[in-house]
Peer 1: 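So that we are looking at the same thing, I have put the structure below in structure tokens.
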Amino acid sequence: MKKLLIIATVILSSTVFAAESGTMMQDGKCNCPMMSEMKMEEMGKMKDSMMANMTPENKKLMQEHIDAIKENRTELKKAMLDEKVDWDKVKKINESTADHRTEMMKLMHDVEKTPVKAAK
């Protein structure tokens, strides 16, 4: 009887744990317990401080890369929904996304190297 109770408890607890864990990213939102609202706000503030140090030209370039990545995501979703997936097209879309992300990283690296503007 004790063994049955222990086995049932283990199975129940593992099932509940598995149901709660799910995926880490869902619909573009972080679904992990480690990323609390406070940490998300801190990340937003950090991004805002980096963006404040960008020139208007850099902001425009960054936005163009972000828009291109969003477009690539949409194209990729459409390509993957086809009955027969064109893997060459998928590869080109992924390479394009990687190129845009690389350019964004270069841009952010340059921004981090520039001195921070004094508060007015």
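Owing to the predicted nature of the structure, the values given are computational and were not obtained by experimental measurement. These numbers come from the heavy atoms of this one structure, side chains and all, not from hydrogens, waters or symmetry mates.
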Peer 1: If you look at every heavy atom in N72 and I93, which pair is closest and at what distance?
Peer 2: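 Distance-wise, the nearest heavy atoms are O-CG2, 3.4 Å.
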Peer 1: Quick check for you: to the nearest 0.5 Å, what is the distance between L76 atom CG and E71 atom CD?
Peer 2: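 These two atoms lie 13.0 Å from each other.
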Peer 1: For the residue pair I66 and K70, establish whether any side-chain heavy-atom pair is separated by less than 4.5 Å.
Peer 2: yes
Peer 1: If we only count heavy atoms from C-beta on, is the M104 to I69 side-chain gap below 4.5 Å?
Peer 2: yes
Peer 1: Thinking salt bridges, do K78 and E75 make one under a 4.0 Å N-O criterion?
Peer 2: no
Peer 1: Check whether L81 and V90 end up in the same hydrophobic cluster, where Ile, Leu, Val, Met, Phe, Trp and Tyr are linked by side-chain heavy atoms less than 4.5 Å apart.
Peer 2: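 Shared cluster, no.
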Peer 1: Rounded to the nearest 0.5 Å, how far apart are CG of L61 and NZ of K59?
Peer 2: 13.0 Å
Peer 1: Please evaluate residues K92 and E95 with respect to the criterion salt bridge (charged side-chain N to carboxylate O under 4.0 Å, His left out), reporting the C-alpha separation (whole Å), side-chain torsions for both, the decisive distance (0.1 Å), and the verdict.
Peer 2: CA-CA 5 Å; K92 286 179 185 176; E95 287 172 349; over 6 Å; no
Peer 1: Flag the pair H65 / R101 as yes when at least one side-chain heavy-atom distance between them is below 4.5 Å, and no otherwise.
Peer 2: no
Peer 1: Return the NE2 to CG distance between H100 and D67, rounded to the nearest 0.5 Å.
Peer 2: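 It is 10.0 Å, given to the nearest 0.5 Å.
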